[in-house]
Amino acid sequence: MLDIKFIRENKERVKTSIKNRGVDFPLDRLLSNDEKKRKVLTELETLRHKSNISSKEIGGLKQTGKDTKKEMAAMKDVSNRIKKMEDEQTVLNKDIDALMLMVPNITHESTPVGRDNTFNKEIKTWGAERKPKFSFPPRSHLEIAKNLGLINFSASAKMTGGGFSLFTGIGARLERALINFMLDLHTKKHGYKEISPPLLANRQSMITCGQLPKLEEDMYKLKDEDYFLIPTAEVPLTNIHAKEILEACDLPLYYTACTPCFRREAGAYGKETKGLIRVHQFDKVELMKYVKPGTSYDELEKLLSDAEDVLQMLEVPYRVVALSTGDISFASSKCYDIEAWAGSQNAYLEVSSCSNFEDFQARRGLIRYREEGKVRYVHTLNGSGLALPRIVVALLENNQKEDGSVTIPKALQPYMDGMEVIK
RNA sequence: GGAGGGAUGGCUGAGUGGUUGAAAGCGGCGGUCUUGAAAACCGUUGUUGCUUCACGGCAACCGAGGGUUCGAAUCCUUCUCCCUCCGCCA
């Protein structure tokens, strides 16, 4: 959420930002309602002031046993007018509140301007020389996993449905090894605190992060309660300090959590529905930071490099892309995607989005801190570090040998009881 | 699932219809005292909105919403959360 005052005073900037994102938003309606609201509020407060004074008067008169009929009749009138204005205010507030939740964040000046992902900007590549050159026709991760008995898609389809995975044996072990490897890296080397949160979150938590009101369709919702299956650990992590005032000396706070992520992927039918690339449930290690405003862009770079570290240690080639205004999410000001190279896809796959939300989420969730007596909103950032299934795709495809075996990167071997090759 | 109890400022906790935004204590901050610290003493100490060039002024907020009343922290009502006990279960 943006500050209404900021919107009022920077109308053109907000307008441009909305336009650059290629979305529609009734900014004029918001501003005119806001103006009306303030007018009503001023009148309302004048009336309340009158009522407060006269109420005290009546109290005083009553105590001395005097007659208050006249005063009470006048108060009744004022009180009715107040009620009327309050109703008016409620209607305005409802509309304003709903609109305020729909205003996208202002994109940072370094975010490339453009209407869609073709305007994204490649920032860097790493390990291009490590991209595998196959002397044989490479198999897809699906084939490899099937041949080595790592994943059983027909079992998951039978018990649940399409778009789910069931890891078996060494496959399941590989998942667990990756999770432990990443969590160890982030907690021990990068200084994040490990969290194991609920996997269901309520409506307000979803609003805080910006998943709601816009993306309700994309989430799994419980029938009997107003709870959602979390689409990312960003939701619980960002809500840890919702409605709190933190102390400046406690910042920055770094959290990490590995959780399953549930996504309906509505509208994505037909797109990469086979295999591990797009599934309804996947594990992801998430990184999340609460920081002071002035530091958030430096913190974003650090967050990015913490996520990159995973790929470097796993020796997976990747590139980093700065998302354009048309591709960036509703809540973020700036976002880097990390894309891992997958050898037989012959393409980069998104494995992480690292975003700075500035105070957009903090405003929605009332996440603040106190410094020198002043209360301010924190800046929140998050990024995957990393999403599991696509890492598995990259590892299987990049490290496959002609005989169908797959080598395990050195950094991961201790987590696999020293196993060097899956065969 | 059943039965009770509760939710007040950073914390503990008083307050059952009328100058109560709220006693008291703790904590925090400032000061006096001290070589320094502690203790003691004095003062100060919530958030948000509107308005003002500014000093300031006004309003709202005692878990959330709705109601009663001239007037609600205080009465009624719905909801949420927490605690205790019982039951069930991993």
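The figures that follow rest on heavy atoms only: side chains count, while hydrogens, waters and symmetry mates do not. To find a chain, count down the sequence lines: A is the first, B the second, and so on, and within it residues start at 1.
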Rounded to the nearest angstrom, tell me the gap between atom [atom1] in [X] and atom [atom2] in [N].
X	N	atom1	atom2	result
D77(A)	U69(B)	CG	P	16 Å
K83(A)	G71(B)	NZ	P	6 Å
K37(A)	A60(B)	NZ	C1'	12 Å
E86(A)	C61(B)	CD	C1'	14 Å
M85(A)	A60(B)	CE	P	15 Å
E43(A)	U51(B)	CD	P	13 Å
Q89(A)	G66(B)	CD	P	11 Å
L44(A)	A59(B)	CG	P	12 Å

**Request:** Using heavy atoms to find the nearest nucleotide of RNA chain B for R48(A) and I245(A) separately, return the residue whose nucleotide is more 5′.
**Result:** I245(A)
**Asked** 5'-most contact on RNA chain B: G59(A) or K50(A), nearest heavy atom basis?
**Response** G59(A)
With a 3.5 angstrom cut-off on both distances, give the Watson-Crick or G-U wobble partner of [N], or none if there isn't one.
N	result
G9(B)	none
C55(B)	none
U19(B)	none
G30(B)	C42(B)
U84(B)	A3(B)
G63(B)	C79(B)

Out of [options], whichever nucleotide has its closest atom nearest the side chain of [X]:
X	options	answer
K5(A)	G71(B), A60(B), C50(B)	C50(B)
M75(A)	C50(B), C70(B), G18(B)	C70(B)
I58(A)	A59(B), U19(B), C70(B)	C70(B)
E45(A)	G71(B), A59(B), U48(B)	A59(B)
K56(A)	U19(B), U48(B), G49(B)	U19(B)

Please tell me if [X] has a side-chain N or O lying less than 4.0 Å from either OP1 or OP2 of [N].
X	N	result
R368(A)	U48(B)	yes
R8(A)	C50(B)	yes
N52(A)	C70(B)	no
R38(A)	G49(B)	no
K76(A)	C70(B)	yes
T42(A)	C58(B)	no
H49(A)	C58(B)	no

How far does the [atom1] atom of [N] sit from the matching atom of [M], given to the nearest Å?
N	M	atom1	answer
U8(B)	U74(B)	P	14 Å
G2(B)	G87(B)	P	16 Å
G15(B)	A24(B)	C1'	11 Å
G63(B)	A14(B)	P	14 Å
G10(B)	G1(B)	C1'	38 Å
U77(B)	U68(B)	C1'	10 Å
A73(B)	U84(B)	P	31 Å
U35(B)	C29(B)	C1'	24 Å

Test item: [X] and [Y] side chains (from C-beta on) under 4.5 Å apart, heavy atoms:
X	Y	result
L148(A)	I170(A)	no
Q211(A)	E234(A)	yes
Q204(A)	L212(A)	no

**Message:** Checking N152(A) against T168(A): is there a side-chain donor and acceptor pair closer than 3.5 Å?
**Reply:**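 No, no side-chain donor-acceptor pair sits under 3.5 Å.
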**Item:** Pair E358(A), Y297(A): side-chain N/O donor-acceptor within cut-off below 3.5 Å
**Value:** yes
**Approximate separation, where rounding is to 0.5 Å, of K37(A) NZ and T42(A) OG1** =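 The distance works out to 11.0 Å.
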**Request:** For R8(A), look at atom CZ and say whether over 12 heavy atoms of other residues, nucleotides or ligands are found less than 6.0 Å away.
**Result:** yes
**Prompt:** Are Y254(A) and H190(A) close enough that their ring centers fall under 6.0 Å?
**Reply:** no
Do any N or O atoms of the protein come closer than 3.5 Å to N or O atoms of nucleotides 72-82 of chain B, and which pairs are they?
none

**Message:** If we ignore hydrogens and angles and just use 3.5 Å, is the side chain of N120(A) paired with the main-chain N or O of L323(A) as donor and acceptor?
**Reply:** no
Using atom types as modelled, flag every donor-acceptor pair under 3.5 Å from a side chain in residues 409-423 of chain A to any protein atom, sequence neighbours excluded.
{"residue": "Q413(A)", "atom": "NE2", "partner": "I408(A)", "partner atom": "O", "Å": "2.9"}
{"residue": "Y415(A)", "atom": "OH", "partner": "D184(A)", "partner atom": "OD2", "Å": "2.6"}
{"residue": "D417(A)", "atom": "OD2", "partner": "R173(A)", "partner atom": "NH1", "Å": "3.3"}

